Structure formats: C-alpha cells, structure tokens
Amino acid sequence: MSEQSLDGDLCVTDCERCPALVESRSRIVDGVGPSDADLVFVGEAPGANEDEAGEPFVGRSGTVLDDALRDAGVARSDVRITNCVRCRPPDNRDPHADELANCRGYLAAELERLDPELVVTLGKVPSQHLLDRSVAVTQEAGEVFDARVGDATVRLLVCLHPAATLYDRSQADAFEETIRQATALAGLTDGDGANGQSRLGDY
Ligand code: URA
C-alpha cells in the first residue's frame, strides 16, 4: 500500500508538504465520486472554482466534462474525479515537480483502493505524471497504456484537458470521442453514446 494514507472516505485529513500550496489554498480538494468507481478521471490541480467549492472540475472545464459524459450516457455521479495535486497552485500555475511528487502517494492510495477498470488522464500534466514520460496529448489522445502507480498497475487512457475544447471545435469533437471511448472501455456503455446502454436509463 502507498505510504501516504487516506481516510475511509478517500480524503486527505491534513497535509502541509508544499509550503506554497498551503499558502495559496483555501482547502484540500479531494476526489469525488463512488469509492468503487470503474472509471476515474485525473486532472492536474484545483483551480479557483474548485478551491472555493472543495470539489474537482466544477468550473467551465467541469461543465465540458459533465456534458461529454452525459452525451456518452453516463452521469457525473457514476464516475470518480480527482487530481494529481489536491491544493490550488498560486495564480493557477502548473504544479511544480516537487508538488506533484509530494501528492503522488495520495493519488496512488486512492487508485489502489478504487482498483478501477480505467483511469483517464485529462491533459498533459496528469498524462506525463502517471506515464512518467513526455506526452504529446493531441497525438496520443485515445491511446491506452499500462501505468504503474504505487503498488498498482492501471489501464490508462490519454485524453485532452476539457479546457482545450473551449475555443476549438475540432478539439471538442476529439474530446467527446475519447470520453465515449472511456465509458465503453470502463464497461459503463456500449460506446454508442446516448443510444448505448447507459446507467441513465431513459433519463
Ligand atoms: N482543471 C484541473 O486539472 N482540475 C480541476 O479540478 C479543475 C480544472
């Protein structure tokens, strides 16, 4: 098991490993969603909206993700959503390497406990962090790899960050396609989006 422990709700009870983030955060933003989720999305770090709400992906990027999931036939509440780093970096900068390393044990513990069918990395930072190499996300989106995280080996699907879709419709189509692919690979749908088998039923 990972050395960095989480409580029974998969939450970090307290952490002061990153002085700059302790300064910039209002709270620790833990993952949300079922503790037996088959599909887990991993982002970079909370932004201002997430820091305020205490929940990952609740701003514009969250709306893009929620809409793509809904169009694929899956509710946000059916999946787990978490981040590589659980505290908001100052001025929404990318997390530094030492901050990613400091938080890695929490993500490893979360993934070890969840043991999901599929982990989807949203954007460059989580893709590179979990694959431990440079990743060209626009080229590798939709590709599946094995990744070693803590004591677990997870099946990982590279995906664009939802924010990348906000100004470019072609990126939006690619993002939505990868989300459909993710829901099918995780066994939540048959991959045909709203026409497929869905936990939303007739909703
Ligand atoms: N972007 C991320 O990577 N994570 C969030 O929680 C919100 C936006």
Side-chain angles (χ1 to χ4, degrees), residues 6 9-12 15 18 20-22 24-35 37 39-70 74-104 106-111 114 116 118-132 134-138 140-141 147 149 154 156-168 171-172 174-176 178-179 182:
L6 301 172
D9 295 323
L10 295 174
C11 292
V12 176
C15 184
C18 306
L21 303 194
V22 170
S24 60
R25 76 181 181 204
S26 310
R27 70 200 85 242
I28 296 171
V29 179
D30 289 297
V32 291
S35 54
L39 179 55
V40 181
F41 291 91
V42 181
E44 178 179 319
N49 294 307
E50 291 75 22
D51 178 70
E52 193 181 330
E55 179 168 340
F57 285 98
V58 292
R60 289 180 76 197
S61 294
T63 303
V64 172
L65 176 60
D66 293 355
D67 288 352
L69 280 169
R70 192 198 54 234
V74 172
R76 175 181 170 100
S77 56
D78 280 340
V79 305
R80 180 114 189 145
I81 306 176
T82 191
N83 277 307
C84 294
V85 166
R86 291 171 191 249
C87 300
R88 181 195 179 194
D91 304 320
N92 291 340
R93 65 157 168 76
D94 284 354
H96 293 161
D98 60 331
E99 295 162 350
L100 286 162
N102 285 343
C103 222
R104 189 177 175 103
Y106 297 129
L107 181 59
E110 187 174 15
L111 294 177
L114 291 164
L118 186 72
V119 172
V120 180
T121 46
L122 295 170
K124 195 177 190 77
V125 169
S127 300
Q128 297 196 152
H129 184 53
L130 292 187
L131 288 172
D132 199 22
S134 170
V135 175
V137 178
T138 43
E140 297 189 48
V149 190
V154 298
L156 182 155
L157 176 71
V158 174
C159 185
L160 293 164
H161 194 283
T165 71
L166 290 171
Y167 308 102
D168 182 345
Q171 303 265 56
F175 178 78
E176 288 160 15
T178 309
I179 297 299

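All residue numbers refer to positions in the sequence shown, counting from 1. Indexing begins at 1, ligand by ligand and atom by atom, following the structure's order. In this text the structure is predicted, and so the values were computed from the model without any measurement.
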Going by atom type alone, with no hydrogens or angles, which donor-acceptor pairs under 3.5 Å involve a side-chain atom of residues 57-64 and a protein atom two or more places apart or on another chain?
| unit_1 | atom_1 | unit_2 | atom_2 | d |
| --- | --- | --- | --- | --- |
| Thr63 | OG1 | Gly59 | O | 3.3 |

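- When each atom of ligand 1 is checked for a heavy atom of Gly43 under 4.0 Å away, the hits are 3 (O).
- The protein heavy atom nearest to atom 5 (C) of ligand 1 is Ala45 O, 3.4 Å.
- At most 12 heavy atoms of other shown residues, nucleotides or ligands fall within 6.0 angstrom of atom CD in Glu52.
- Within the 4.0 Å heavy-atom cutoff, His161 counts among the residues contacting ligand 1.
- When each atom of ligand 1 is checked for a heavy atom of Pro56 under 4.0 Å away, the hits are 6 (O).
- Here's the thing with Pro46: none of its N/O atoms is less than 3.5 angstrom from an N/O atom of ligand 1.
- Residue contacts with ligand 1 for Glu44 involve both N, CA, C or O and side-chain atoms from C-beta outward (heavy atoms, distance under 4.0 Å).
- Among the atoms of Phe57, some N or O lies under 3.5 angstrom from an N or O of ligand 1.
- Looking only at side-chain heavy atoms (C-beta outward), Glu44 and Val85 stay at 4.5 Å or farther from each other.
- At a cut-off of 3.5 Å, with distance as the only test, no side-chain donor of Glu140 or Ser127 sits close to an acceptor on the other residue.
- In this view, Ala182 and Leu39, Leu118, Val120, Leu157 satisfy the side chain to side chain contact (heavy atoms under 4.5 Å, CB included) rule, not counting sequence neighbours.
- The shortest heavy-atom contact between Leu21 and Pro89 is CD2-CA, 3.5 Å.
- The shortest N or O to N or O distance between Asn83 and ligand 1 is below 3.5 Å.
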